[in-house]
Chemist: 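Let me begin by handing over the structure; questions about it come next.
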Amino acid sequence: MFDDLKGKKVLVTGSTAGIGLEAARSLASAGARVAIHGSRSADAAQSVLEQFDGGSDVAYFQADVRSSAACKALVEAAADHLGGIDVLINNAGGLGGRNGLESIDDDFFDQVLDLNIRSVVMVTKYAIPFLRKSAEQSGETSSVISTGSIAAREGGGPGASLYGGSKAMVHNLHRNWVKEFTKDNIRFNTVAPGTIDTAFHEDKDQGTRDKISGTIAMGRFGSSAELAPAYVFLASHAASGYVTGQVIDVNGGQMCP
Ligand code: NAP
C-alpha cells in the first residue's frame, strides 16, 4: 500500500527488547535504515541484531537515556551513522519499580521521571534539527512517535503513580510540540499500548495476569508484534502525512474509566 519507508533513517530508542524491538524489526523489513538502542553493552546487543531479517540495515547504539548528555551523544551518533534522521521513535521507558506515595523518595522520583520524561524531552530536543532538515530536503513530513500508555489515562497500577503521571506528560508534550513544530513539517504522535506481554510484566504471577486479562475486552495481553504496525503507519508520510497530535490506543479494548 505504501513503500516510502525504503531508505528512511530511523532511530528507535529502547529497541533491544519488547515493543521497541518489534517496531524496529518491522521498520527494517519495510526497508528503513534503523538505529537501534538500549542501555546494554554492544556485546550483549549482538543477539538482538541477529533477530533482524537478513539484509536489514541496522546498527546498535548504547546509551543510558536517563542522562541528558547521553541523549545528546546518542542522537549525534545515530545521525552521524545514518546521515540524518527522518523518523524518531521514543520508546525507551519503564516502571522503574513500584512505590506507593508514602514511599516515594527523591531517588525514586528522579529515576522514574528521568527514564520516562527526560529521555523523551532530551532525545527529541537533540533530534529536532535533523528532523527539520529531513522535512526541508524531502518536502515531506518527518515524524516523532513516542510510546505512551493506557496508564496515562487510568493512572497506572499499584505503586505506579509516577509512571502513569510521566506517561500522561508524554501524551501532553506531543500536543504542545505540534503547536511549536508543525511549521517545520514535523509530526508528533503517541502510541498508547494497553497490556503487552513483555518483560515489563515479569513481576506478575499468573493470578494477577488472569485478573488483568479479565479487564481486557479481548481477554488477553497483546503482543509486541500487534503494536508494531501502529509505529509503521505513523512513520510513513504516505500513510499518515495528515496525522499529528494524536494518541493511537492499541489495547484489545481495555477501557479506561
Ligand atoms: P521492555 O521489554 O522492558 O523494553 C524496554 C526497552 O527500553 C529495552 O530495549 C531497554 O533496553 C530500554 N531501556 C530501559 N531503560 C533504559 C535506559 N535507562 N536507557 C536506555 N534504554 C533503556 O519493555 P516494553 O514493554 O517493550 O516497554 C517499551 C515501552 O512501552 C516503555 O516505554 C513502556 O513504558 C511502554 N509500555 C509498555 C506496556 C506493556 O504492557 N508492556 C504498556 C504501556 C506502555 P536495555 O534492556 O538494553 O536497557
Side-chain angles (χ1 to χ4, degrees), residues 11-26 34-49 51 58 60-75 77-78 89-98 110-120 122-123 145-157 160 162-171 173 190-204 208-209 212-213 215-216 220-228 230-231 247-252 254 256:
L11 168 60
V12 188
T13 72
S15 43
T16 53
I19 293 167
L21 174 57
E22 280 307 318
R25 275 161 37 97
S26 293
V34 184
I36 65 164
H37 155 263
S39 68
R40 68 191 65 186
S41 70
D43 279 351
Q46 269 314 310
S47 61
V48 178
L49 290 168
Q51 294 177 53
V58 53
Y60 176 69
F61 296 85
Q62 179 187 8
D64 183 340
V65 288
R66 292 175 299 181
S67 139
S68 298
C71 292
K72 182 172 189 281
L74 167 65
V75 171
I89 299 180
N90 289 305
N91 174 73
L95 272 181
R98 292 183 188 272
D110 289 347
Q111 185 174 310
V112 178
L113 271 78
D114 285 350
L115 176 57
N116 292 293
I117 299 298
R118 183 185 300 279
S119 63
V120 173
M122 291 301 166
V123 170
I145 307 157
S146 296
T147 303
S149 176
I150 193 170
R153 293 188 170 134
E154 59 79 57
L162 291 180
Y163 172 75
S166 68
K167 288 297 187 179
M169 188 166 166
V170 169
H171 287 205
L173 285 169
T190 305
V191 176
T195 309
I196 310 304
D197 203 358
T198 69
F200 189 96
H201 297 288
E202 65 190 4
D203 63 339
K204 298 185 175 69
T208 308
R209 290 174 64 96
I212 294 170
S213 295
T215 69
I216 303 170
R220 61 173 177 84
F221 285 25
S223 71
S224 297
E226 290 172 307
L227 260 288
Y231 294 90
V247 178
I248 297 193
D249 294 285
V250 185
N251 60 27
Q254 189 171 15
C256 297

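Counting starts at 1 for both ligands and their atoms, following the listed order.
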Chemist: Okay, side chain of S68, backbone of M122: is any donor-acceptor separation there less than 3.5 Å?
Modeler: no
Chemist: For atom 3 (O) of ligand 1, what's the nearest protein heavy-atom neighbour? Residue, atom name and distance, please.
Modeler: A199 CB, 3.9 Å
Chemist: With respect to I150, determine whether any N or O atom, backbone or side chain, lies less than 3.5 Å from an N or O atom of ligand 1.
Modeler: no
Chemist: State, yes or no, whether a side-chain contact exists between N116 and K167 at a heavy-atom distance under 4.5 Å.
Modeler: yes
Chemist: Counting each atom of ligand 1 from 1 as listed, which ones have a heavy atom of S15 under 4.0 Å away?
Modeler: 9 (O)
Chemist: Do me a favour and list the nearest non-hydrogen protein atom to atom 43 (C) of ligand 1 with residue, atom name and distance?
Modeler: S149 OG, 3.3 Å
Chemist: Relative to the heavy atoms of G18, which atoms of ligand 1 are at a distance of less than 4.0 Å?
Modeler: 2 (O), 26 (O)
Chemist: If the cut-off is 4.0 Å to any non-hydrogen atom of G38, which atoms of ligand 1 fall inside it?
Modeler: 11 (O), 20 (C), 21 (N), 47 (O)
Chemist: Counting only nitrogen or oxygen atoms and a 3.5 angstrom limit, does K167 reach ligand 1?
Modeler: yes
Chemist: For Q111 and G96, indicate whether the former's side chain and the latter's backbone hold a donor-acceptor pair under 3.5 Å.
Modeler: yes
Chemist: I'd like the name of whichever of A92, G20, G93, A24 reaches closest to atom 5 (C) of ligand 1 through any heavy atom.
Modeler: G93
Chemist: I'd like to know whether S224 forms a side chain to side chain contact (heavy atoms under 4.5 Å, CB included) with I196, so could you lay out the CA-CA distance, the side-chain angles of the two residues, the decisive distance to 0.1 Å, and finally the verdict.
Modeler: CA-CA 6 Å; S224 297; I196 310 304; 4.1 Å; yes
Chemist: Contact between P193 and V250 at the side-chain level, heavy atoms closer than 4.5 Å - yes or no?
Modeler: no
Chemist: Between N251, N91, T147, flag the one that comes closest to atom 32 (O) of ligand 1 by a heavy atom.
Modeler: N91
Chemist: Heavy atom to atom 1 (P) of ligand 1, shortest distance: which of V65, T198, V170 holds it?
Modeler: T198
Chemist: Nearest to atom 40 (O) of ligand 1, what protein heavy atom do you find, and at what distance?
Modeler: H201 NE2, 2.6 Å
Chemist: In sequence, state the C-alpha distance, the side-chain angles, and the governing distance for H201 and T195, and then conclude on side chain to side chain contact (heavy atoms under 4.5 Å, CB included).
Modeler: CA-CA 8 Å; H201 297 288; T195 309; 3.6 Å; yes
Chemist: Mark yes or no for whether T198, through its side chain, and F200, through its backbone, hold a donor-acceptor pair below 3.5 Å.
Modeler: yes
Chemist: Give a yes or no answer on whether the side chain of E154 reaches the backbone of G156 with a donor-acceptor pair at less than 3.5 Å.
Modeler: yes
Chemist: Is there a side chain to side chain contact (heavy atoms under 4.5 Å, CB included) between D249 and I150? Walk through the geometry before answering.
Modeler: CA-CA 7 Å; D249 294 285; I150 193 170; 5.8 Å; no
Chemist: For atom 34 (O) of ligand 1, what is the closest protein heavy atom, and at what distance to 0.1 Å?
Modeler: Y163 OH, 2.6 Å
Chemist: Can you tell me the protein heavy atom closest to atom 12 (C) of ligand 1 and the distance?
Modeler: G14 CA, 3.6 Å
Chemist: Could you check whether R209 pairs with D197 (Lys NZ or Arg NE/NH1/NH2 to Asp/Glu carboxylate O, under 4.0 Å)?
Modeler: yes
Chemist: Closest heavy-atom contact between H37 and A63?
Modeler: NE2-O, 2.8 Å
Chemist: Between L173 and M169, is the side chain to side chain contact (heavy atoms under 4.5 Å, CB included) condition met? List the steps.
Modeler: CA-CA 6 Å; L173 285 169; M169 188 166 166; 4.1 Å; yes
Chemist: Using a strict cut-off of 4.0 Å, indicate which atoms of ligand 1 neighbour a heavy atom of G194.
Modeler: 40 (O), 42 (C), 43 (C)
Chemist: Considering only non-hydrogen protein atoms, determine which one is nearest to atom 46 (O) of ligand 1 and report residue, atom name and distance to 0.1 Å.
Modeler: R40 NH2, 2.9 Å
Chemist: Within a distance under 4.0 Å of any heavy atom of H37, pick out the atoms of ligand 1 and give their elements.
Modeler: 20 (C), 21 (N)
Chemist: Atoms of ligand 1 less than 4.0 Å from L115 heavy atoms?
Modeler: 15 (N), 16 (C), 17 (C), 18 (N)
Chemist: Within a distance under 4.0 Å of any heavy atom of T195, pick out the atoms of ligand 1 and give their elements.
Modeler: 40 (O)
Chemist: Heavy-atom contact under 4.0 Å between G148 and ligand 1?
Modeler: yes
Chemist: Under 3.5 Å, is there a donor-acceptor pair linking the side chains of Y231 and T147?
Modeler: yes
Chemist: Under a 4.0 Å heavy-atom limit, does A45 contact ligand 1 with its side chain, its backbone, both, or neither?
Modeler: neither
Chemist: Tell me which protein heavy atom sits closest to atom 18 (N) of ligand 1, plus the residue, atom name and distance to 0.1 Å.
Modeler: D64 OD1, 3.0 Å
Chemist: Distance to 0.1 Å, residue and atom name: give those for the protein heavy atom nearest to atom 9 (O) of ligand 1.
Modeler: T16 OG1, 2.7 Å
Chemist: Is the contact between A63 and ligand 1 made by the side chain, the backbone, both, or neither, using heavy atoms and a 4.0 Å cut-off?
Modeler: backbone
Chemist: Can you find a pair of side-chain heavy atoms, one from L49 and one from V58, that are under 4.5 Å apart?
Modeler: yes
Chemist: Could you tell me which atoms of ligand 1, counted from 1 in the order shown, lie closer than 4.0 angstrom to a heavy atom of G94?
Modeler: 34 (O)
